[in-house]
Amino acid sequence: MQIQLSQKERMLLEDEKHQEGICIKKYQNYAEQAQDSQLKQLFNKLAGEEQHHYNIIDQMLQGQQPNLSHGQQPMAQGGQMQQSSYQGAMSNAGDEVLCSDLLATEKYVSGTYDTGIFEAVNPVIRQALQHIQHDEQQHGQDLFNYMNSHGMYNVK
């Protein structure tokens, strides 16, 4: 089924596609820089999910019905398993900077999806953007859980 995009939807999707491309590059680069092997694994996983978001947006820009399925385990389960495996590891200052930057990026990107969700006329586009935003919020939770369990983000 072909979907029709308004000029506004096309502009918003192009912006989101650009942001997803930046997220992919950041996660891939930071995975190479990270010292902790679990953090490298988390960054690589999230890079793959950001690529999935990029592909969804690209499909919509081409007028195609987006494929929202991840093809992997649900994120909530993955996040829970990772959180428990993070316990007890030591923090390192370089990894903390990488995590802090990516958490700030996820907060920003999640917020940018609000505009697209509120301004999308097409319900298919709105649903896809809500799906991606939910994933972005889960990415933030995964990063927070890692940081919190490594003494990088203490909640008082």
Side-chain angles (χ1 to χ4, degrees), residues 10-62 64 66-118 120 125-156:
R10 180 165 297 285
M11 180 191 74
L12 291 167
L13 288 173
E14 289 287 353
D15 287 347
E16 294 300 345
K17 183 178 172 182
H18 176 74
Q19 289 301 320
E20 292 295 343
I22 291 170
C23 288
I24 294 164
K25 290 175 187 170
K26 275 184 139 178
Y27 276 114
Q28 289 172 340
N29 289 337
Y30 287 8
E32 292 176 13
Q33 295 176 44
Q35 298 299 306
D36 181 50
S37 63
Q38 290 176 327
L39 187 57
K40 286 178 184 287
Q41 183 179 12
L42 176 61
F43 287 171
N44 283 320
K45 172 187 165 245
L46 296 179
E49 292 174 6
E50 298 294 357
Q51 182 66 56
H52 175 66
H53 298 162
Y54 184 94
N55 295 343
I56 290 170
I57 294 168
D58 195 49
Q59 290 166 355
M60 291 188 293
L61 285 168
Q62 294 177 33
Q64 300 170 1
N67 178 1
L68 303 182
S69 65
H70 282 281
Q72 50 189 308
Q73 69 179 1
M75 292 198 43
Q77 289 178 359
Q80 291 299 322
M81 290 188 305
Q82 288 175 356
Q83 182 181 4
S84 64
S85 67
Y86 294 154
Q87 300 298 328
M90 295 183 60
S91 173
N92 116 15
D95 284 354
E96 183 174 357
V97 170
L98 299 177
C99 287
S100 293
D101 183 55
L102 286 169
L103 183 58
T105 299
E106 290 293 353
K107 289 176 185 179
Y108 172 77
V109 171
S110 178
T112 66
Y113 279 102
D114 281 342
T115 303
I117 291 166
F118 287 124
I125 294 170
R126 188 176 310 111
Q127 180 184 12
L129 295 179
Q130 288 171 326
H131 169 84
I132 293 170
Q133 185 183 46
H134 179 266
D135 285 354
E136 298 294 355
Q137 292 169 349
Q138 183 63 50
H139 297 175
Q141 183 177 349
D142 290 347
L143 291 165
F144 169 82
N145 289 343
Y146 178 90
M147 293 174 74
N148 189 44
S149 67
H150 285 76
M152 298 175 182
Y153 199 127
N154 295 316
V155 180
K156 296 184 185 211

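Keep in mind it's a predicted model, so treat the numbers as computed, not measured.
Scanning for side-chain hydrogen bond (donor to acceptor under 3.5 Å, both in side chains) contacts around E50 gives H53, H139, with sequence neighbours left out. In this view, Y54 satisfies the side-chain hydrogen bond (donor to acceptor under 3.5 Å, both in side chains) rule with no residue, not counting sequence neighbours. Here S110 pairs with Q133, E136, Q137 under the side-chain contact (heavy atoms from CB on, under 4.5 Å) rule; sequence neighbours left out. The side-chain contact (heavy atoms from CB on, under 4.5 Å) test applied to L12 returns K8, T115, E119, not counting sequence neighbours. Scored by the salt bridge (Lys or Arg N to Asp or Glu O under 4.0 Å) test, D101 finds K26 as partners (sequence neighbours excluded). Residues satisfying the side-chain hydrogen bond (donor to acceptor under 3.5 Å, both in side chains) test with Q62, not counting sequence neighbours, are D58, Q64.
Residue D95 holds its CG atom at 6.0 Å from CG of D36, rounded to the nearest 0.5 Å. Taken to the nearest 0.5 Å, the CG atom of D114 stands 10.0 Å off from the CD atom of Q130. In this structure, the separation between CG on L103 and OH on Y153 is 6.0 Å, given to the nearest 0.5 Å. To the nearest 0.5 Å, atom NZ of residue K45 and atom OH of residue Y27 are 9.5 Å apart. Taken to the nearest 0.5 Å, the CD atom of Q41 stands 10.0 Å off from the CG atom of L39. For the atom pair OH (Y30) and CG (L98), the distance works out to 6.0 Å, reported to the nearest 0.5 Å.
Not a single donor-acceptor pair under 3.5 Å links the side chain of N148 to the backbone N or O of F144. Counting only distance, with no hydrogens or angles, the side chain of S100 and the backbone of V97 share no donor-acceptor pair below 3.5 Å.
Heavy-atom minimum distance, L13 versus I57: O-CG2, 3.3 Å. The minimum heavy-atom distance between I24 and A47, with the atom names listed, is CG1-O, 4.2 Å. Nearest heavy-atom pair, M60 versus A128, reported as atom, atom and distance to 0.1 Å: SD-CB, 3.6 Å. When all heavy atoms are compared, the tightest approach of F43 to C99 is CZ-SG, 4.1 Å. Nearest approach of I117 to R126, heavy atoms of both residues: O-NE, 3.4 Å.
Contact annotation: the side chain of E32 never approaches that of Q28 to less than 4.5 Å [non-hydrogen atoms, C-beta and beyond]. Looking only at side-chain heavy atoms (C-beta outward), H131 and I56 come within less than 4.5 Å of each other.
Under a cut-off of 6.0 angstrom, the local environment of CD in Q127 is sparse, with at most 12 non-hydrogen atoms contributed by other residues, nucleotides or ligands.
There is no side-chain donor-acceptor pair under 3.5 Å between N55 and Q59. Defined by atom type and a distance below 3.5 Å, a donor-acceptor pair is missing between the side-chain atoms of Q19 and D15.
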- request: Apply the test side chain to side chain contact (heavy atoms under 4.5 Å, CB included) to residues E20 and V109: give CA-CA distance (whole Å), side-chain angles for both, the deciding distance (0.1 Å), then the verdict.
  value: CA-CA 8 Å; E20 292 295 343; V109 171; 4.2 Å; yes

